[in-house]
Amino acid sequence: MKNLRNAIKNKGKIKKITVLTGSGISAESGIATFRDHDGLWETYKVEDVATPEGFFKNPELVWQFYDRRRQEIKKACPNRGHYALAELEEAADLHNITFNLCTQNIDGLHRKAGSKNILELHGSLWKVICMDCKKHSLSEETPIKDIPPKCSFCSGLLRPDVVWFGEALHQDALEKAYAAMECDILLVIGTSLLVYPVAYFPFFALKNKAIVAEINVKETSCSDYFIFVKGKAGEILDNIVQLIREFM
Ligand code: OAD
């Protein structure tokens with residue numbers, strides 16, 4: 001934390017703050033991460049439930065997986081980490097500081113906590129796209145009665161509006177994310193940084209001379225490049241937000 005304080009102090013006026021989150025921020029809300037012990041990818045095969053090929057092969061199985069996740073996540077509440085980031089955004093707004101929250105999470109908990117300027121890089125569990133008419137729509141029915149669900153406009157097969165392995169991020173999201181990385185300070189929270197292109201983002205921020213602080217319960221393969229702050233997001237983000245607010 002001392003390193004972070006010194007870096008912010010030396011930076012001078014903060015004009016732009018960006019946050020990048022992964023599943024670790026929702027761990028204290030009771031939502032499983034992907035690659036930790038007992039993570040989702042220990043129970044499910046990525047290729048079965050998180051690829052376009054898996055969906056074409058067995059849409060029922062994929063929808064059962066997402067329906068189960070929706071049921072679990074619907075019951076979950078944001079934790080102190082999510083709320084601290086919503087408070088940081090509010091404080092940034094008051095001081096005319098640009099604030100962007102980029103998340104790989106599809107759970108919607110940042111929004112539930114009150115964050116506003118959110119870029120959902122991997123889509124949302126609560127949105128669907130029709131495979132036929134390509135309409136995007138909200139979908140909150142939990143549990144889903146008829147699996148796989150059908151489009152209410154054309155009866156085509158619906159798929160979750162999420163980015164699967166082997167798929168590109170939406171161009172618009174990618175452009176906004178890279179623009180957000182041109183910031184004074186980037187907080188990278190609860191992500192293993194193993195999935196691309198998101199794993200590049202903090203390095204892009206570094207190249208643009210941002211302070212990059214990584215908040216995680218354990219070091220990642222990228223930690224040596226950043227200011228590493230060890231701890232649970234729900235326990236230490238309040239202090240980090242407090243620290244940043246001192247320099248607004
Ligand atoms: P991972 O499961 O790969 O990593 C979770 C990270 O959170 C690890 O580095 C943990 O150490 C850390 N962590 C766990 N609990 C924490 C806590 N309480 N506070 C802080 N950190 C904590 O999950 P992601 O990095 O989010 O994509 O995974 C990235 C993408 O891979 C996901 O969006 C998903 C997944 O496959 C798709 O499905 C396309």
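Atoms within each ligand, like the ligands themselves, are counted from 1 in listed order. No hydrogens, no waters, no symmetry mates; every other heavy atom, side chains included, goes into these values. Only a predicted model underlies this, so the values are computations on that prediction, with no experimental measurement involved.
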Specify side chain, backbone, both or neither for [X], according to which of its non-hydrogen atoms lie closer than 4.0 Å to ligand 1.
X	result
H122	side chain
V46	neither
V217	both
R35	both

Below 3.5 angstrom, do we get any N/O pair linking [X] and ligand 1?
X	result
V195	no
S23	yes
W41	yes

Using a 4.0 Å cutoff against the non-hydrogen atoms of [X], which atoms of ligand 1 qualify?
X	value
G22	26 (O)
A27	15 (N)
T33	2 (O)
K232	18 (N), 19 (N)
K218	11 (O)
V163	39 (C)

Check the side chains of T220 and S223 for a donor-acceptor pair under 3.5 angstrom, ignoring hydrogens and angles.
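Looking only at side-chain atoms, T220 and S223 do form a donor-acceptor pair, the distance falling under 3.5 Å.
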Hey, are Q242 and D238 close enough side-chain-wise for a donor-acceptor pair under 3.5 Å?
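On atom types as modelled, these side chains do not qualify, holding no pair under 3.5 Å.
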Would you mind checking which non-hydrogen protein atom is closest to [atom], with the distance to 0.1 Å?
atom	answer
atom 20 (C) of ligand 1	A233 N, 3.6 Å
atom 18 (N) of ligand 1	E28 OE2, 2.8 Å
atom 17 (C) of ligand 1	G24 O, 3.3 Å
atom 21 (N) of ligand 1	G190 CA, 3.5 Å
atom 9 (O) of ligand 1	N216 ND2, 2.9 Å
atom 29 (C) of ligand 1	Q104 OE1, 3.2 Å
atom 25 (O) of ligand 1	T191 OG1, 2.7 Å
atom 38 (O) of ligand 1	F165 CE1, 3.9 Å

For [X] and [Y], which heavy atoms make the closest approach, and how far apart are they?
X	Y	answer
E60	P148	OE2-CD, 3.6 Å
L121	C102	CD1-CB, 3.9 Å
E235	E28	N-OE1, 3.8 Å
C154	C151	N-SG, 3.4 Å

Could you tell me whether the side chain of P197 reaches within less than 4.5 Å of the side chain of L174, counting heavy atoms only?
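They are in side-chain contact.
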Side-chain contact test, heavy atoms from C-beta onward, threshold under 4.5 Å: evaluate it for K74 versus W126 and give yes or no.
yes
Sequence neighbours left out, what pairs pass side chain to side chain donor-acceptor pair (under 3.5 Å) with at least one residue falling in residues 158-171?
Y66-W164, H136-D161, R159-E167, Q171-E175
Rounded at 0.5 Å granularity, tell me how far CD1 in I31 sits from CG in D107.
4.5 Å
Are any of the heavy atoms in L194 under 4.0 Å away from ligand 1?
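Under 4.0 Å: no for L194.
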Do the rings of F203 and F226 sit parallel, tilted or perpendicular, given the 30° and 60° boundaries?
tilted
Can you tell me how the ring of F65 sits relative to the ring of Y44, calling it parallel under 30°, perpendicular over 60° and tilted otherwise?
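Judged by the thresholds at 30° and 60°, the geometry between F65 and Y44 is perpendicular.
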I want to confirm something. Looking only at heavy atoms, which of S192, A50, S26 is nearest to atom 1 (P) of ligand 1?
S192
Under a 4.5 Å side-chain heavy-atom rule over Ile, Leu, Val, Met, Phe, Trp and Tyr, are Y225 and I189 clustered together?
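Y225 and I189: separate clusters.
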Sort out for me which residue in L88, T21, I17, L187 forms a side chain to side chain contact (heavy atoms under 4.5 Å, CB included) with L101.
T21
